[in-house]
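Notes to accompany the following structure.
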Amino acid sequence: MALRGKNFWTLILFLLAGIVVGGFIGDWLGQYDFFYWLAYGKTFGIPTVTLNLSVIQLTFGFQISINIASIIGMCLAIFVHRKV
């Protein structure tokens, strides 16, 4: 599956890298007064469900935490993907 001559999976990889790196930077710089706004974000997802079978306990869940720095990281990832 191609997206304007570029590989779709490289775009997904760049986006995931942008989200992760942006999230780390947002959490790191968010502790300083001038950059507090980078750490502002929301968390959403599927609540955890636990299945206890006495022998084994399984926990299922999915949660995404996104902040302003993650969004900036996604935008930079799209920009870098177009330039590469």
Side-chain angles (χ1 to χ4, degrees):
M1 181 179 201
L3 185 66
R4 285 193 232 169
K6 296 190 188 259
N7 192 351
F8 175 74
W9 294 110
T10 58
L11 175 62
I12 297 298
L13 183 65
F14 273 80
L15 285 175
L16 288 175
I19 290 170
V20 170
V21 172
F24 284 141
I25 290 173
D27 289 339
W28 176 53
L29 289 178
Q31 63 187 349
Y32 300 109
D33 291 336
F34 186 72
F35 296 110
Y36 72 93
W37 54 275
L38 285 175
Y40 178 76
K42 295 289 181 183
T43 302
F44 57 92
I46 300 170
T48 58
V49 176
T50 302
L51 178 63
N52 190 356
L53 301 175
S54 296
V55 177
I56 190 169
Q57 182 175 345
L58 300 171
T59 303
F60 301 99
F62 182 75
Q63 187 174 19
I64 295 175
S65 180
I66 192 162
N67 58 21
I68 300 295
S70 297
I71 295 171
I72 293 171
M74 284 179 17
C75 293
L76 286 174
I78 292 171
F79 176 75
V80 168
H81 183 263
R82 289 186 182 202
K83 292 295 181 185
V84 171

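Keep in mind that the numbers below use all heavy atoms, side chains included, and drop hydrogens, waters and symmetry copies.
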For residues [X] and [Y], report the shortest heavy-atom separation together with the two atoms involved.
X	Y	answer
Gly30	Ala39	CA-CB, 3.8 Å
Trp37	Ile68	O-CG1, 3.4 Å
His81	Leu11	NE2-N, 3.5 Å
Ala77	Gly18	CB-CA, 4.3 Å

[atom2] on [Y] to [atom1] on [X], rounded to 0.5 Å:
X	Y	atom1	atom2	answer
Leu53	Leu58	CG	CG	6.0 Å
Thr43	Asn67	OG1	CG	9.0 Å
Asp27	Ser65	CG	OG	7.0 Å
Ile25	Ile72	CD1	CD1	9.5 Å
Gln57	Asn52	CD	CG	4.5 Å
Phe60	Ile46	CZ	CD1	11.5 Å

Within one Ile-Leu-Val-Met-Phe-Trp-Tyr cluster: [X] and [Y], side-chain cutoff 4.5 Å:
X	Y	result
Leu29	Tyr40	yes
Leu15	Leu13	no
Phe14	Val20	no
Leu76	Val84	no
Trp28	Phe24	no

(request) Could you list who else is in Val49's hydrophobic cluster, with ILVMFWY side chains joined at under 4.5 Å, directly or through other members? (result) none

(message) Is the shortest side-chain heavy-atom distance between Ile66 and Phe44 below 4.5 Å?
(response) yes

